[in-house]
There are 2 protein chains.
Amino acid sequence: MEPQLVRELEILHSQVCHALGDPKRLMILYMLARQPQYVNDIAAELDLPQPTVSRHLKILRERSLVDATREGASVLYSLADERLIQALELLRAILRDRILAQAELVTHAGPDADSVDQPD
Amino acid sequence: MEPQLVRELEILHSQVCHALGDPKRLMILYMLARQPQYVNDIAAELDLPQPTVSRHLKILRERSLVDATREGASVLYSLADERLIQALELLRAILRDRILAQAELVTHAGPDADSVDQPD
DNA sequence: TTCACATATTCGGATTATCGAATACAATTG
DNA sequence: CAATTGTATTCGATAATCCGAATATGTGAA
């Protein structure tokens with residue numbers, strides 16, 4: 001593999017993918033995709049302590065995945081790039097199809113004596 | 001935020017996004033996007049110990065992001081869903097535009113006495 | 001300046017991820 | 001069966017991540 005692509009993927013990971021590696025950050029991004037929000041509103045909506053939200057926002061901000069604009073004493077955060085949500089929607093579609101495919105397997109093959117079928 | 005979407009994003013994270021949270025896994029996925037590969041070939045190409053590659057492949061396999069088919073003593077791995085690369089390409093585009101925008105800032109504003117400009 | 005509110009940061013501590021080395025397992029050959 | 005090749009797993013140590021609590025910073029109003 002070309003060292004050039006290797007380096008680029010390392011940057012892609014540290015600058016973008018790594019930021020998606022936390023469920024709370026995913027939720028924050030989805031919230032901001034709907035409309036810009038203030039820190040306290042995000043914290044209230046997701047039922048998280050404000051410092052936790054600020055820490056996650058910092059990580060997203062440092063990678064330019066969200067924009068922050070001060071409005072008086074508050075700071076309004078917004079999604080920096082719509083394509084971020086497009087990418088996440090692609091991943092959601094993959095997940096959905098995967099779950100559907102597994103459900104088909106169960107439906108068509110049917111539970112038999114050998115395959116245990118206990119939920120969780 | 002609806003508990004339903006919250007739950008779905010948690011699954012999206014644990015099943016997909018989390019798997020993208022390692023640079024070596026990104027490289028493996030990009031290698032497999034070009035063509036299916038055997039474990040040892042991946043290890044050689046990325047200059048990684050074989051157990052390390054197997055461990056990462058297991059993580060990808062458990063999430064159905066790659067397919068594994070045994071061929072004699074070898075196991076051929078392939079990308080399970082092209083949309084995974086589509087999503088990564090979207091993220092790469094975001095990263096590229098972000099870097100370009102920052103370069104523009106430097107070019108147009110020009111380095112001045114206040115803004116230090118040391119590489120790395 | 002002092003207060004009140006909104007946001008950001010720091011600091012342990014607990015959890016989790018990753019690694020290399022050694023080893024175990026699987027498949028083919030003789 | 002033993003030997004060889006390819007792949008998978010286990011193990012202990014290191015390192016990274018995340019959290020809550022406390023605290024610091026920033027802004028506007030009185």
Side-chain angles (χ1 to χ4, degrees), chain A residues 6 9-29 31-32 35-80, chain B residues 6 9-29 31-32 35-80:
Chain A
V6 169
L9 289 180
E10 282 169 354
I11 297 175
L12 177 63
H13 164 257
S14 67
Q15 295 297 306
V16 184
C17 292
H18 177 249
L20 306 180
D22 182 281
K24 283 155 188 163
R25 286 197 288 270
L26 285 187
M27 292 178 206
I28 291 175
L29 289 173
M31 271 197 72
L32 297 182
Q35 58 178 320
Q37 303 267 348
Y38 298 107
V39 178
N40 275 336
D41 295 337
I42 298 173
E45 177 84 6
L46 298 181
D47 197 28
L48 295 174
Q50 172 265 317
T52 295
V53 173
S54 278
R55 253 188 290 106
H56 285 307
L57 283 172
K58 180 183 186 178
I59 292 174
L60 297 172
R61 186 173 9 102
E62 285 173 344
R63 290 161 176 75
S64 299
L65 302 182
V66 301
D67 291 323
T69 42
R70 183 166 279 281
E71 290 188 2
S74 303
V75 177
L76 188 66
Y77 278 87
S78 56
L79 192 67
Chain B
V6 170
L9 289 180
E10 282 170 354
I11 296 175
L12 177 62
H13 164 257
S14 66
Q15 294 297 307
V16 183
C17 293
H18 177 251
L20 306 180
D22 182 280
K24 284 157 189 164
R25 286 198 288 271
L26 284 189
M27 291 178 204
I28 290 175
L29 289 173
M31 271 198 71
L32 296 182
Q35 58 177 320
Q37 303 268 348
Y38 298 107
V39 178
N40 275 337
D41 294 338
I42 299 173
E45 177 84 6
L46 298 181
D47 197 28
L48 295 172
Q50 172 266 317
T52 295
V53 173
S54 278
R55 252 189 289 107
H56 285 306
L57 284 172
K58 179 182 186 180
I59 292 175
L60 297 172
R61 187 171 11 101
E62 287 172 344
R63 290 161 175 74
S64 298
L65 302 181
V66 300
D67 291 323
T69 42
R70 183 167 279 280
E71 290 189 1
S74 303
V75 177
L76 187 66
Y77 279 86
S78 56
L79 193 67

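Lettering follows sequence order; numbering is per chain, from 1.
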Check your understanding: Given atom CG of D22(A) and atom P of dA17(C), what is their separation to the nearest angstrom?
Key -> 12 Å
Practice item. Tell me, with the steps shown, if L57(B) and V39(B) meet side-chain contact (heavy atoms from CB on, under 4.5 Å). Key: CA-CA 9 Å; L57(B) 284 172; V39(B) 178; 3.9 Å; yes
Check your understanding: OP1 or OP2 of dA17(C) sitting under 4.0 Å from any side-chain N/O of H18(B)?
Key -> yes
Review point. CD of E71(A) versus P of dT7(C): gap in Å, rounded?
Key: 10 Å
**Study point:** Gap between atoms CG and P, on L26(B) and dA17(C) respectively (whole Å)
**Key:** 17 Å
Review point. Between dG20(D), dC19(C), dA6(C), which one does the side chain of T52(A) approach most closely?
Key: dG20(D)
Point to revise | Spacing of R70(B) atom CZ relative to dT7(D) atom P, expressed in whole Å | key: 8 Å
Revision key, fill the gap. Among the nucleotides dC19(C), dA17(C), dA6(C), whichever has the atom closest to the side chain of K24(B) is dC19(C)
Practice item. Determine the minimum heavy-atom distance between A19(A) and L60(A), stating which atoms define it. Key: CB-CD2, 4.1 Å
**Study point:** Rounded interatomic separation in angstrom, taking CG from L48(A) and C1' from dC19(D)
**Key:** 11 Å
Practice item. Rounded to the nearest angstrom, tell me the gap between atom CD1 in I28(B) and atom C1' in dA8(D). Key: 14 Å
Revision key, fill the gap. When rounded to whole Å, the CG to C1' distance for the pair D41(B) and dT5(D) reads 13 Å
Exercise for review: Check whether the side chain of Q50(A) and the base of dA6(C) form a donor-acceptor pair under 3.5 Å.
Suggested key: no
Check your understanding: Within the side chain of R63(B), is there an N or O that forms a donor-acceptor pair under 3.5 Å with the backbone of S14(B)?
Key -> yes
Check your understanding: Are the side chains of L20(B) and L20(A) in touch, meaning some heavy atoms are under 4.5 Å apart?
Key -> no
Exercise for review: Kindly indicate whether the side chain of K24(B), heavy atoms from C-beta on, has any atom under 4.5 Å from the side chain of H13(A).
Suggested key: no
**Study point:** Any R25(A) side-chain nitrogen or oxygen under 4.0 Å from OP1 or OP2 of dC18(D)
**Key:** yes
Check your understanding: Does OP1 or OP2 of dT5(D) have a side-chain N or O of N40(B) closer than 4.0 Å?
Key -> no
Exercise for review: Tell me whether the OP1 or OP2 atom of dA8(C) has a side-chain N or O from Y77(A) closer than 4.0 Å.
Suggested key: yes
Check your understanding: Is any side-chain nitrogen or oxygen of H56(B) closer than 4.0 Å to OP1 or OP2 of dT18(C)?
Key -> no
Practice item. State whether the side chain of R70(A) and the backbone N or O of G72(A) hold a donor-acceptor pair below 3.5 Å, judged by distance alone. Key: yes
Review point. Is S54(B) touching bases, backbone alone, or none of the nucleic acid, heavy atoms closer than 4.0 Å?
Key: base
Revision key, fill the gap. From the candidates dA17(C), dT7(C), dC18(D), the one with an atom nearest any side-chain atom of S74(A) is dT7(C)
Revision key, fill the gap. Among the nucleotides dG20(D), dT17(D), dA8(D), whichever has the atom closest to the side chain of V75(B) is dA8(D)
Review point. Just how large is the angle between the end axes of the helix from dT1(C)-dA30(D) to dG30(C)-dC1(D), five pairs per end, to 10 degrees?
Key: 20°
Point to revise | Distance-minimising heavy-atom pair for A80(B) and S64(B) | key: CB-O, 3.3 Å
Point to revise | Closest nucleotide among dC19(C), dA22(C), dT7(D) to the P51(B) side chain | key: dA22(C)
Study note, to complete from the structure: Taken to the nearest whole Å, CG/L60(B) to P/dT7(D) is 16 Å
Check your understanding: Taking the side chain of R61(A) as heavy atoms from C-beta outward, which of dT9(C), dT7(D), dT18(C) is closest to it?
Key -> dT9(C)
Check your understanding: Are any side-chain N or O atoms of H18(A) and backbone N or O atoms of D22(B), one a donor and one an acceptor, separated by less than 3.5 Å?
Key -> no
Review point. Base, sugar-phosphate, or nothing: which does R55(A) touch, judged by heavy atoms less than 4.0 Å apart?
Key: base
